[in-house]
There are 2 protein chains.
Amino acid sequence: MNIELMEANEQRVKIFKALADPTRIEIVRTLFLAKKELACGEVGGICAVSKSNASYHFRTLREAGLIKVRKHAQTKYTTLDEATLRKYLPGFLETLL
Amino acid sequence: MNIELMEANEQRVKIFKALADPTRIEIVRTLFLAKKELACGEVGGICAVSKSNASYHFRTLREAGLIKVRKHAQTKYTTLDEATLRKYLPGFLETLL
DNA sequence: ATCTTAGTTGTATGAATATTGAACTAATGG
DNA sequence: CCATTAGTTCAATATTCATACAACTAAGAT
């Protein structure tokens with residue numbers, strides 16, 4: 001059982017855990033469909049979550065490499081990290097259409 | 001927020017939960033690479049899991065629609081459910097190569 | 001019939017996750 | 001400087017999930 005495979009599988013598990021939640025699926029779906037950046041606070045407008053909970057979901061997605069963050073003033077704008085998605089889940093985003 | 005989307009997302013969450021575990025990733029990977037059926041008891045030879053634990057993992061995968069089961073005598077042979085995989089995760093299996 | 005083999009199910013336990021609310025930091029605007 | 005806004009962090013709680021072990025069912029084999 002080689003080491004590279006184990007590392008790749010760890011990454012896969014992290015990604016699947018990150019997507020194994022309805023709120024986070026909705027975040028990813030919104031980011032893909034709207035083709036625009038999303039701020040943490042806007043998530044509350046999509047699903048019914050508190051801001052601290054939204055922050056937690058964003059961190060989970062970020063740590064899995066699924067989103068990237070750009071900071072401007074107090075606001076953090078997130079976008080999908082397409083490189084990760086293409087590497088580990090090619091074709092997945094299109095199934096959200 | 002329409003009802004069809006919510007149902008599809010529930011299914012997505014179920015699938016991602018099912019794949020969010022190293023043992024189950026290995027099972028899926030083995031089924032794909034070996035291109036043969038796998039019996040519950042054989043899982044212990046791939047990862048270090050007890051038979052009841054292997055049974056639990058198979059149930060999780062089956063309930064997510066990721067594997068199909070064929071029974072012969074006492075043995076249950078599983079294969080990937082390619083329809084589900086193609087619908088929700090097209091291109092994923094190939095990333096396991 | 002008895003023994004063995006393959007798998008399931010129940011219960012218990014510990015680990016990981018999700019959610020909340022309050023306190024906090026950092027940037028902005030008056 | 002003070003108030004506001006956006007987000008993070010912490011502690012507490014609730015829920016879900018993974019694992020183990022024992023008891024069980026079902027199908028064969030002798």
Side-chain angles (χ1 to χ4, degrees), chain A residues 6 9-31 34 36-79 81, chain B residues 6 9-31 34 36-79 81:
Chain A
M6 280 177 47
N9 278 356
E10 273 176 44
Q11 181 65 17
R12 286 182 181 112
V13 168
K14 215 180 274 183
I15 289 170
F16 287 129
K17 274 187 207 276
L19 292 170
D21 177 278
T23 301
R24 293 193 296 264
I25 290 263
E26 258 314 296
I27 292 171
V28 169
R29 191 169 171 280
T30 302
L31 286 170
K36 62 163 191 128
E37 298 176 309
L38 192 64
C40 189
E42 295 182 80
V43 177
I46 301 166
C47 320
V49 292
S50 65
K51 66 176 184 167
S52 72
N53 194 216
S55 175
Y56 163 75
H57 286 309
F58 270 134
R59 180 155 54 87
T60 304
L61 288 169
R62 186 167 32 76
E63 287 177 354
L66 292 171
I67 58 174
K68 285 180 298 191
V69 177
R70 174 179 74 87
K71 184 168 184 179
H72 173 261
Q74 311 106 304
T75 309
K76 286 183 162 178
Y77 295 99
T78 70
T79 48
D81 188 330
Chain B
M6 281 179 46
N9 278 355
E10 272 177 43
Q11 181 65 19
R12 287 182 180 112
V13 169
K14 216 180 274 184
I15 288 170
F16 286 129
K17 275 187 205 277
L19 292 170
D21 176 277
T23 300
R24 293 192 294 264
I25 291 262
E26 259 313 297
I27 291 172
V28 169
R29 192 168 171 279
T30 302
L31 285 170
K36 60 162 193 131
E37 298 176 308
L38 191 65
C40 189
E42 294 182 81
V43 177
I46 300 167
C47 320
V49 292
S50 66
K51 65 176 185 169
S52 72
N53 193 215
S55 176
Y56 164 74
H57 286 308
F58 270 133
R59 178 156 54 88
T60 305
L61 290 169
R62 186 168 32 78
E63 287 178 355
L66 292 171
I67 58 174
K68 285 180 297 189
V69 178
R70 172 178 76 86
K71 184 169 185 180
H72 173 263
Q74 311 106 304
T75 308
K76 284 182 163 181
Y77 295 99
T78 70
T79 48
D81 189 329

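In what follows, every chain begins at residue 1, and chains take the letters A, B, ... in the order their sequences are listed.
In this structure, the CD1 atom of Ile67(A) is 12 Å from the P atom of dG7(D), given to the nearest Å. To the nearest angstrom, P of dA6(C) lies 13 Å from NZ of Lys71(B). Residue Arg59(B) contributes atom CZ, which lies 13 Å from atom C1' of dT19(D) at whole-angstrom precision. Atom CZ of Arg70(A) is separated from atom C1' of dG7(D) by 16 Å (rounded to the nearest Å).
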Inset, instruction - Test side chain to side chain contact (heavy atoms under 4.5 Å, CB included) on Leu38(B) and Val43(B) and set out the steps. - result: CA-CA 8 Å; Leu38(B) 191 65; Val43(B) 177; 4.2 Å; yes
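Put simply, Lys76(B) has a side-chain N or O that comes within less than 4.0 Å of OP1 or OP2 on dT8(C).
When atom types are taken as modelled, the side chain of Thr30(B) and the backbone of Glu26(B) share a donor-acceptor pair closer than 3.5 angstrom.
With rounding to the nearest 0.5 angstrom, the NE2 atom of His57(B) is 8.0 Å from the SG atom of Cys47(B).
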Acceptor/donor pairs from residues 61-72 of chain A side chains to any protein atom, 3.5 angstrom cut, sequence neighbours excluded:
| from | atom 1 | to | atom 2 | distance (Å) |
| --- | --- | --- | --- | --- |
| Arg70(A) | NE | Glu37(A) | OE2 | 2.8 |
| Arg70(A) | NH2 | Glu37(A) | OE1 | 2.6 |
| Arg70(A) | NH2 | Glu37(A) | OE2 | 3.4 |

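When heavy atoms are screened at a 4.0 angstrom cut-off, Ala39(B) is found touching the sugar-phosphate backbone but no base atom.
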Inset, instruction - Assign a letter to each nucleotide of nucleotides 12-25 of chain C from its 5' end: B, base within under 4.0 Å of a protein heavy atom; S, sugar-phosphate only; -, no contact. - result: -----SBBBBB---
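In this structure, Tyr56(A) has no ring-ring contact (aromatic ring centres under 6.0 Å, His included) partners at least two apart in sequence or on a different chain. In terms of the salt bridge (Lys or Arg N to Asp or Glu O under 4.0 Å) criterion, residue partners of Lys36(A) (sequence neighbours excluded) are, by chain and number, Glu42(A).
Pairs of residues two or more places apart, or lying in two chains, never qualify as salt bridge (charged side-chain N to carboxylate O under 4.0 Å, His left out) while including a residue from residues 11-24 of chain A.
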Pull out every protein N or O sitting under 3.5 Å from an N or O of nucleotides 28-30 of chain D, one pair per line with the distance.
none

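Between Asn9(A) and Pro22(B), every side-chain heavy-atom pair lies at or beyond the 4.5 Å cut-off.
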